[in-house]
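Proteins come first, then strands; the chains are lettered A, B, ... in the order of their sequence lines, and each starts at number 1. It should be emphasised that the depicted structure is a prediction, and the values quoted were computed from it without experimental measurement. As a basis for the values below, the full set of heavy atoms in this structure was taken, side chains included, without hydrogen atoms, waters or symmetry mates.
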2 protein chains.
Amino acid sequence: MDSHFRKLRRRHDVSAAEEAAFCDMVAEHRRVGPDEVVIRAGEPLHESTLLLDGWLARVKDLRSGSRQFTGLHVPGDFADLHSFTLGRLDHEVVSLTECRLAIVPHARLKDLMERNPRLARILWSETNLDAAINREWTVSMARRSALARVAHLLCELSIRLEVAGLSDGMTFDFPMTQNELADCLGLTTVHVNRTIQELRKRGLIQLDRRQVTMRDVAALRNIAEFDDSYLYLGKAPL
Amino acid sequence: MDSHFRKLRRRHDVSAAEEAAFCDMVAEHRRVGPDEVVIRAGEPLHESTLLLDGWLARVKDLRSGSRQFTGLHVPGDFADLHSFTLGRLDHEVVSLTECRLAIVPHARLKDLMERNPRLARILWSETNLDAAINREWTVSMARRSALARVAHLLCELSIRLEVAGLSDGMTFDFPMTQNELADCLGLTTVHVNRTIQELRKRGLIQLDRRQVTMRDVAALRNIAEFDDSYLYLGKAPL
DNA sequence: CGCTGGTTTGACTAACATCAACACCTGTGG
DNA sequence: CCACAGGTGTTGATGTTAGTCAAACCAGCG
């Protein structure tokens with residue numbers, strides 16, 4: 001839960017009692033292996049899933065056989081909090097790594113909402129942050145070059161992982177294959193590979209299957225036209 | 001307000017009393033002309049804007065001078081309900097046409113949230129629906145061809161406008177220029193123009209600056225790989 | 001060892017962007 | 001009434017980015 005509270009505290013004032021209330025909502029813990037479909041699209045849902053450890057992706061499949069990630073989740077993120085109001089998902093959630101999950105029944109969310117509007121609003125805020133990230137992804141897919149897309153994603157993840165306490169802002173574990181990166185970025189594996197090589201050649205990143213180091217954050221941000229305001233890192237009002 | 005209630009009723013059971021409660025939240029009505037910046041990115045906000053009439057777009061500007069729409073709003077949509085929890089926007093909201101707006105102060109939303117968790121949840125649901133639409137846009141930008149993108153957008157809008165009571169599912173007012181369409185679709189004006197011509201040539205659409213007719217909805221849906229489940233047209237749970 | 005999944009390379013192609021005109025319409029002021 | 005301006009739509013020639021296809025390479029692993 002630590003990553004989740006770090007994420008919350010970054011944007012809201014949360015008392016110990018409120019943190020306890022969050023903990024009380026968790027009904028169950030679960031583990032899943034890598035490359036599993038954790039939540040299936042379209043199925044009625046009665047619980048939401050908080051990611052404690054590992055990486056998840058929101059995936060949409062296309063008829064052509066290709067697929068597109070519409071979001072990535074790192075520890076501390078809710079994968080499907082939106083299913084609380086929508087009742088089902090329009091996408092799958094799949095595990096990229098082995099994951100530890102905390103399960104929060106919708107009934108308890110409903111209770112919380114009635115008893116504690118302030119916490120409800122914080123949860124609402126989390127889904128709105130997801131949406132803000134998604135908007136920025138839309139911009140990436142629509143307007144940024146492959147080089148800028150890769151750079152932008154790395155800039156985003158370094159911050160999100162830092163918030164979760166899993167990066168120093170430069171180096172972090174990076175469990176995705178180039179194939180999965182391609183699914184993320186709307187590119188092909190081949191082109192992702194060439195793009196990464198270009199970033200390496202320019203001395204901007206170091207990357208292998210397990211870890212990234214951003215060797216020149218300023219240059220990466222510049223290439224990506226990265227502006228972190230969409231991550232809403234400051235305290236939210238009231 | 002009629003379009004807004006149609007939208008709500010489509011997905012939730014809303015009593016007359018609840019509709020009245022919604023109406024009571026509106027503090028003020030406003031009018032804006034076409035091509036105005038209605039809400040500026042980054043500015044602290046203390047109210048949200050419900051679109052009563054006209055079209056709005058969520059816009060992100062890039063350094064290169066190009067811009068990307070990350071969402072379109074038709075009558076009945078909240079343009080910036082997410083500012084209630086986030087406090088400011090990561091994008092501008094601009095008017096594509098003359099618009100009538102209803103202004104809802106955040107203080108009243110907060111009140112409502114405390115007094116009526118059910119309505120709060122319905123509002124939360126609206127922001128989650130926005131996000132679902134945005135995910136689908138991400139897929140369009142990342143994976144669909146220009147032809148499929150245009151077709152997909154038309155399919156989406158015909159349904160959203162039908163829900164709002166502004167389309168029969170085939171024909172609707174369409175106030176966007178090809179330039180604005182390009183901003184929407186992550187394409188250039190030139191390419192949008194060629195794509196539209198292709199759709200016309202195939203007898204699938206009829207389109208001028210003021211109106212669209214979808215001549216062959218089935219073919220358009222097929223080209224777009226359109227699946228309306230992301231619009232959550234059925235009743236939400238509880 | 002010989003698989004297997006992931007990464008890398010090269011040759012070729014397709015889709016869309018870019019640049020530059022031009023046509024058309026509408027509103028405006030002389 | 002006409003001349004003109006500005007926004008919109010259209011066309012053609014050319015350039016660039018990323019996709020496609022196919023194969024080789026490489027490391028970890030049973």
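- Across the protein-nucleic acid pair, B/N193 atom CG and C/dT18 atom P stand 16 Å apart, rounded to whole Å.
- At a non-hydrogen distance threshold of 4.0 Å, nothing from residues 65-73 of chain A comes into contact with DNA chain C.
- Put simply, CZ on A/R194 is 15 Å from P on C/dT7, counting in whole angstrom units.
- Distance A/L181 CG to C/dT7 C1': 13 Å, rounded to the nearest Å.
- Atom CG of A/L185 is separated from atom C1' of D/dT17 by 15 Å (rounded to the nearest Å).
- When the options A/L181, A/L185, A/L56, A/L96 are evaluated for a side chain to side chain contact (heavy atoms under 4.5 Å, CB included) with A/F69, the one that passes is A/L96.
- Rounding to the nearest 0.5 angstrom, the gap separating the OG atom in A/S145 from the CD atom in A/E225 is 9.5 Å.
- Taking 4.0 angstrom as the limit, A/Q197 places none of its side-chain polar atoms (N or O) nearer than this to OP1 or OP2 of C/dT7.
- The interatomic distance linking A/N179 (CG) with C/dT4 (C1') rounds to 14 Å, in whole Å.
- Residue contacts shown for B/R210 are absent, as no nucleic acid heavy atom lies under 4.0 Å away.
- Rounded to an integer number of Å, the gap from NZ of B/K201 to P of D/dG9 is 20 Å.
- Note on B/Q178: every side-chain N or O is 4.0 Å or more away from OP1 and OP2 of D/dG7.
- As judged by a 4.0 angstrom heavy-atom cut-off over every strand, A/T189 is placed among residues making no nucleic acid contact.
- Contact annotation for B/T188: base contact, defined as any heavy-atom pair under 4.0 Å involving a base atom.
- A distance of 7.5 Å separates CG of A/L81 from CG of B/N128, quoted to the nearest 0.5 Å.
- Comparing D/dG19, C/dA20, C/dT7 against the side chain of B/V190 picks out C/dA20 as the nearest.
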- prompt: Do A/F174 and A/W55 pass the ring-ring contact (aromatic ring centres under 6.0 Å, His included) test, and can you show the C-alpha distance, the side-chain angles, and the key distance before you say yes or no?
  reply: CA-CA 9 Å; A/F174 190 77; A/W55 288 37; 5.7 Å; yes
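- The separation between B/D183 atom CG and D/dT8 atom C1' is 14 Å, rounded to whole Å.
- Counting to the nearest Å, the P atom of C/dC16 and the CD atom of B/E198 are 11 Å from each other.
- For B/H91 and A/Y230, the distance between ring centers is not under 6.0 angstrom.
- Side chain to side chain, A/R144 and A/H152 meet the donor-acceptor criterion of an N or O pair below 3.5 Å.
- When all heavy atoms are compared, the tightest approach of A/V38 to A/V32 is CG2-CG2, 4.0 Å.
- Between B/R200 and D/dT10 there is a side-chain polar atom (N or O) within less than 4.0 angstrom of OP1 or OP2.
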